[in-house]
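Following: one structure in structure tokens, then a few remarks.
We name chains A, B, ... by the order of the sequence lines, and we start the count at 1 in each one.
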Amino acid sequence: MAESIISPFYVRVSQISSEPVPQHRKDTYAWLAPKLLDSRPGILRQASNSIYLTAEQMRQSPSAIQNLLRPPAEASSRECLIILDLADNPYHLLREIFLYHVADTVVRWLRQYERCKIVVLLPLMPPSSSLFWEIDRSVRSGSRDEVGRLAVLASDGEYRYFFLAAADLNRYRISQMLSNDDLRAQLRSRIVRKRGHYAFAGRHGIHCSRFFFETGAADRQIGDLVVRWAEEKIRPHVRGGRFTLVSHGKHAQRFHEAVAGAAAALGSKFAELDLDTGLGMDQVDGAIALVLNVVHTGDTYKKIISMLREKNFHLAPEALTVLAVDEELPHNYAQPRLSPLISDLPRLKVAKDECEQCVIGLPHTDPPDDELVSIRAFDMWDILRDSPFHPEPYGPSSRLRPRLPLVPDMRQIFSRHGDWIAHKIGLLLAKLEIDSDVVFISPEEPIIDTLTTRLSEIRQNRQIAIQIPRPVLDAEPMVTEVRANRNEEWHRQLRHLGEQDQQNIVLLDEFVRSYSTARAMVNLLRSEEFSEFGMRVKAYVPIVDFSNGSESPIMKTYPLYRLPLP
Amino acid sequence: MMPGGEESPHEASLGLLYHLLRDKDPKGLDELDPGEHALRRLILLADYAWRSYDLAPSTKAHLDSFVIDALAADRGRPWRALGSAPPGTKPVSTKTVDVAILTILLEEFEATVTAFGALPTTSARTSQPFYEASVSCEHSPEALSVVITKAARPLNVHAAAPLARLREYYRPVITILVGIAAGHPGKVSLGDVVVPRNVLYYEPARLTATGLQLRPEHTAPPDPYLYGFDLYDADAGPFGDRMGSHFAELPIDRRPQIESDAFQPAVHGANTSIASGEVVLRDGSLIGALRDRFDEKIHAVDQESYGFAESSRGTSWLIFRGISDYGDPDQPRGWKRLAAASAAHCLRDFLERGYLPANSSGF
């Protein structure tokens with residue numbers, strides 16, 4: 001029997017030129033191919049360079065990918081394994097419409113070349129509402145056994161259609177990990193720096209801080225970094241390579257889950273440390289490798305160390321903390337040495353007597369059980385005082401309302417504080433019980449795009465964002481403009497969603513003034529004229545409400561801050 | 001309405017005034033540039049006007065005076081005065097009450113509400129519960145008005161927030177912390193009540209090359225006679241009978257074991273201190289160590305007294321703590337509720353027979 005042809009495509013988006021395929025990707029293909037071919041021999045035709053789309057192509061013509069991908073010449077006559085590798089791209093750069101064209105190519109090839117297997121490698125598994133899953137409908141409606149020849153594999157080990165052994169999936173996941181620096185950068189962008197007025201008791205009495213950090217959105221990155229740290233700094237230095245990962249952190253369930261997941265990947269034991277109840281000997285195997293969520297002054301760390309020492313536990317030579325937030329943290333004052341993943345996010349600690357918020361009589365904000373969804377006036381103006389104000393750059397047509405003469409620079413605000421605003425939106429959706437299968441629909445404007453990118457990071461890609469062009473929303477009547485845009489990405493996305501019924505549709509906008517944009521979006525989604533969409537909107541979330549208290553005429557509106565205009 | 005509630009108008013107004021005063025233009029209103037800064041300040045002013053609209057008139061008038069400061073020529077850091085107006089002249093509360101009671105745990109709150117027969121009020125616009133009651137007082141011609149509230153979380157650092165919210169809606173003559181604490185065996189028994197005249201915060205310390213040097217802080221109620229508690233005799237009134245009945249009426253499965261035939265809690269007032277820190281005691285030795293090292297009058301230890309006392313600085317306050325355990329690993333079953341009830345009933349008895357209101361002849 002002729003050997004199979006293995007043909008990988010290394011695809012990069014938003015690049016200005018082709019680049020050599022990195023060796024680690026080539027190694028991945030060489031490792032993966034035999035697994036997918038059930039150990040039968042194959043001829044691996046490594047490509048030397050990437051296939052790329054420029055940022056301009058991604059914006060204007062993402063369908064270009066269809067022409068750039070060419071199947072191997074023998075695809076009609078021999079068994080082939082095609083590896084479409086998109087895994088080295090940041091997920092948020094893989095536009096929905098691009099994923100749609102990738103899916104379309106995959107389905108076409110599966111139908112055309114019946115002896116061909118295809119595996120698509122992605123950085124993250126797209127959410128269920130993604131256009132990528134048009135692939136699902138197509139292959140399942142096909143008459144051939146296409147499902148059995150297709151695999152979709154994400155870098156975190158998640159997969160669809162095709163089963164590798166669990167151990168192989170885990171190895172694949174570990175092999176796909178980013179460099180330490182890249183992972184730390186991802187971790188940093190997912191840490192939520194919550195503004196407020198937080199009280200802490202430390203060795204110098206009660207003090208306050210302006211920020212409280214939440215790491216829950218970075219659980220994947222934390223898990224991966226803990227695995228690497230343990231392999232490099234712990235396993236070689238403890239007797240027999242045996243250790244137990246012990247996590248400690250208040251109000252940080254997802255952090256504990258991340259460490260537990262890391263322990264499973266490492267094949268070590270895991271325990272969550274409660275300072276009140278301590279640890280039992282039976283919970284631990286070998287040395288204790290401590291992993292902390294956030295370290296402030298180091299007092300709690302010292303307390304933990306002395307508690308574990310008193311009970312004669314063996315401690316690994318180094319402990320890890322995701323965040324060290326006090327400038328004066330003495331990293332090396334004691335053994336085990338404390339190593340922080342991130343140490344450049346200060347919480348702005350101040351003695352209670354010197355705290356401006358205490359002085360003016362503002363109560364403390366108690367994380368996490370007393371967290372307001374809306375933004376406090378003190379915090380909002382703390383942000384606004386640092387923001388330039390300028391005339392409204394975008395908005396509905398002047399026929400609907402005049403542009404606002406002076407608005408905050410929301411692009412700067414989303415860039416600097418987008419993590420916290422995205423966290424607030426997530427909190428709102430959770431309180432409304434609509435935080436799964438979320439689809440954010442907004443006008444197509446560059447500023448709101450900045451926020452949806454932050455939302456994507458903080459929500460770990462558990463969402464879809466659809467942007468409607470302003471000329472469509474402003475058209476009167478809208479129907480002609482909507483029909484003329486039938487082939488556009490947003491139109492295709494809305495049609496795709498219209499066929500599903502479990503999505504939580506949330507309208508997102510930077511401002512509301514007259515509700516004209518919101519009304520146009522609702523009209524587009526619900527009107528009988530556009531029955532192919534037919535969606536029910538669950539909430540309208542403008543970040544700032546300039547409507548001077550007027551009630552929304554169309555739906556429930558949840559602004560994060562109401563700002564009256566004089 | 002936002003799910004989870006909104007910031008109160010008073011807190012929002014304070015935050016906005018701070019920024020208005022902090023960001024003030026050194027020039028007067030007439031000289032403001034028609035540029036970005038001036039327009040931004042106008043939006044800030046509009047925001048303040050909008051959010052302060054629903055404040056009580058006296059509160060609004062007080063805060064509005066700072067707006068005038070914000071528009072006047074620079075006078076240093078006027079925002080500091082926002083929180084430093086003397087209590088009598090800071091009209092941030094809308095209703096005077098004789099006694100405000102802060103509880104922390106749910107068991108404490110329920111026991112206190114039950115002891116006073118309090119009912120929920122609907123006037124406060126916050127999720128923090130406020131229950132109101134009245135209680136007769138031998139030293140006052142009129143019954144004392146009482147409001148009872150509960151903190152969201154334990155610990156000293158969290159005692160300030162519920163007190164601040166309480167003072168947003170009420171102007172209390174005296175504020176009293178009621179609840180449970182761990183006691184020192186040999187000095188107190190389970191169910192006893194401790195009314196300390198000294199609070200020791202044992203957490204502060206200095207880290208030196210040779211180790212931690214503890215630097216505890218002290219505070220005490222402003223009135224050395226504890227508003228009549230010095231002369232109060234718990235045994236002379238109905239407190240003992242009430243607690244006996246309360247105990248007898250408890251369902252068998254919720255009734256803790258006692259050594260004597262009847263439940264007769266003692267009240268400890270003279271020469272008592274309470275130690276306060278952030279640690280939940282389960283080691284059985286800390287109370288003894290604190291007594292040996294700092295103050296042999298320490299009868300009890302809790303996690304809120306110092307935060308409560310510090311947040312009440314400059315006002316009248318007292319602490320009533322029922323003893324629910326001895327801070328050791330074996331937590332006695334069923335004592336939390338009973339000890340909280342002891343503290344609440346003792347306070348009620350004290351208010352009825354021993355409390356000297358500020359305007360009474362005995363004060």
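Of the inter-residue distances, the one linking B/Glu7 atom CD with A/Thr365 atom OG1 reads 10.0 Å to the nearest 0.5 angstrom. For the atom pair A/Leu384 CG and B/Arg40 CZ, the distance stands at 8.0 Å (nearest 0.5 Å). Expressed to the nearest 0.5 Å, how far CE of A/Met380 lies from CG of B/Leu44 amounts to 12.0 Å.
By number of non-hydrogen pairs under 4.5 angstrom with chain A, the leading residue of B/Leu163, B/Leu16, B/Ile43 is B/Ile43. Chain B forms more heavy-atom pairs under 4.5 Å with one residue of A/Ala377, A/Pro564, A/Cys208, A/Pro388 than with any other, namely A/Pro564.
Between B/Glu11 and A/Pro363, some side-chain heavy-atom pair lies under the 4.5 Å cut-off. For the pair B/Tyr18/A/Leu362, no side-chain contact is recorded, criterion being any heavy-atom separation below 4.5 Å from C-beta on.
Neither the backbone nor the side chain of A/Pro408 comes within less than 4.5 Å of any heavy atom in chain B. Contact annotation for B/Ala164: only side-chain heavy atoms (C-beta onward) come within less than 4.5 Å of a heavy atom of chain A. Contacts of A/Leu427 with chain B are absent, with no heavy-atom separation under 4.5 Å from either backbone or side chain.
Remark: A/Phe511 engages A/Phe546 in a ring pair (Phe, Tyr, Trp, His ring centres under 6.0 Å) (not counting sequence neighbours).
Cation-pi geometry between B/Arg51 and A/Phe378 is not satisfied (NZ or CZ under 6.0 Å from the ring centre, within 45° of the ring normal).
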